[in-house]
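Here the structure comes first, spelled out in structure tokens, and everything after it is commentary.
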Amino acid sequence: MSNLSFDNYTAVAQKKIVSNTEVAGRYGFQDVAEKAILADLVRKLSLDGSDTLLEVGCGPGNLLIPLSYWVAHGTGIDNEIALARLNARGADAARVTTLAGNFLTMPLPTRVYSKILVYSVIQYLDTLETALAFIGRALSLLQPGGRMLLGDLPNSDKKKRWSSSSAGIEVGAAWKQQINAAGEHPLADLPIDAKLVTVNDQFVMNIMLNARQAGVESYLLSQSPALPFGNSREDILFVRHK
């Protein structure tokens, strides 16, 4: 994350009345839809009981804790406050390890993982170059034959196409009503990070091409409408050859 976004999410995690769904950047009313992410990730990452899983930007463990029961062991990286929330939820220490820090600047783990998850994180970086560096650091931790999912990309071009459709207009109107009823998100009173990267079709294609040029396969995957922002977001799956 950019330094400001990292600080903002740390500040949100410090707010005692904020739900863990909100700490993860979603609205509280999306807690049910958030649960649907788990089955989607298990399928896309092909998780099994022999896997070692790394989640970069795990927040309070909304995904990592339940996914740790699908794998041999899970490791999460995020700010100290979010990780304190994760540990306070009673995460099994034998199944989950946490590492505090900003992934862009912290020392990397010395081990490699069979599966890596980076979910709803990349949009909080400042440039394409920073995003590519971030992804490169993550891929350096992926073992041969492993999979990494860069999930929940808020592609503005995809959102524009969806929002202009008849179904998108209808869903958009219902979404505005939900937002109005929910009130401001806990991030709303924090400084706005005005230097964030623009995630669009070109950004997505640049990421995929860069990985392929580095010898890692990349695939663009759709999201189910059942997910919190499923109609307007997409994922990139990376597969390292054995």
Any non-hydrogen side-chain atom of Y113 less than 4.5 Å from a side-chain atom of T75? yes

In the structure I gave you, are the side-chain heavy atoms of L47 and L67 within less than 4.5 Å of one another anywhere? yes

Where R95 and S68 come nearest, the two heavy atoms and their spacing: NH2-O, 2.8 Å

Non-hydrogen side-chain atoms of L83 and C58 separated by less than 4.5 Å: yes

Within-4.5 Å side-chain heavy-atom neighbours: D51 and L45: no

State, yes or no, whether a side-chain contact exists between T52 and K115 at a heavy-atom distance under 4.5 Å. no

Q30 (side chain) donor-acceptor with P228 (main chain) under 3.5 angstrom: yes

A side-chain contact here means heavy atoms from C-beta on lying under 4.5 Å apart; do F238 and R147 qualify? no

Hits for side-chain contact (heavy atoms from CB on, under 4.5 Å) against K159, two or more places apart or cross-chain, chain-then-number order -> S163, S232

F229 six-ring face occupied by R233 cation (under 6.0 Å, within 45°): yes

Shortest non-hydrogen contact from V112 to S140? CG1-O, 4.2 Å

Do R85 and I81 make a side-chain contact, defined as non-hydrogen atoms from C-beta onward lying under 4.5 Å apart? no

May I ask whether L86 and V118 are part of the same hydrophobic cluster, defined by side-chain heavy atoms of I, L, V, M, F, W, Y residues being less than 4.5 angstrom apart, directly or through others? no

Is the shortest distance from a Lys or Arg side-chain nitrogen in R161 or D201 to a carboxylate oxygen in the other one below 4.0 Å? yes

Side-chain touch M148/L237, heavy atoms, less than 4.5 angstrom: no

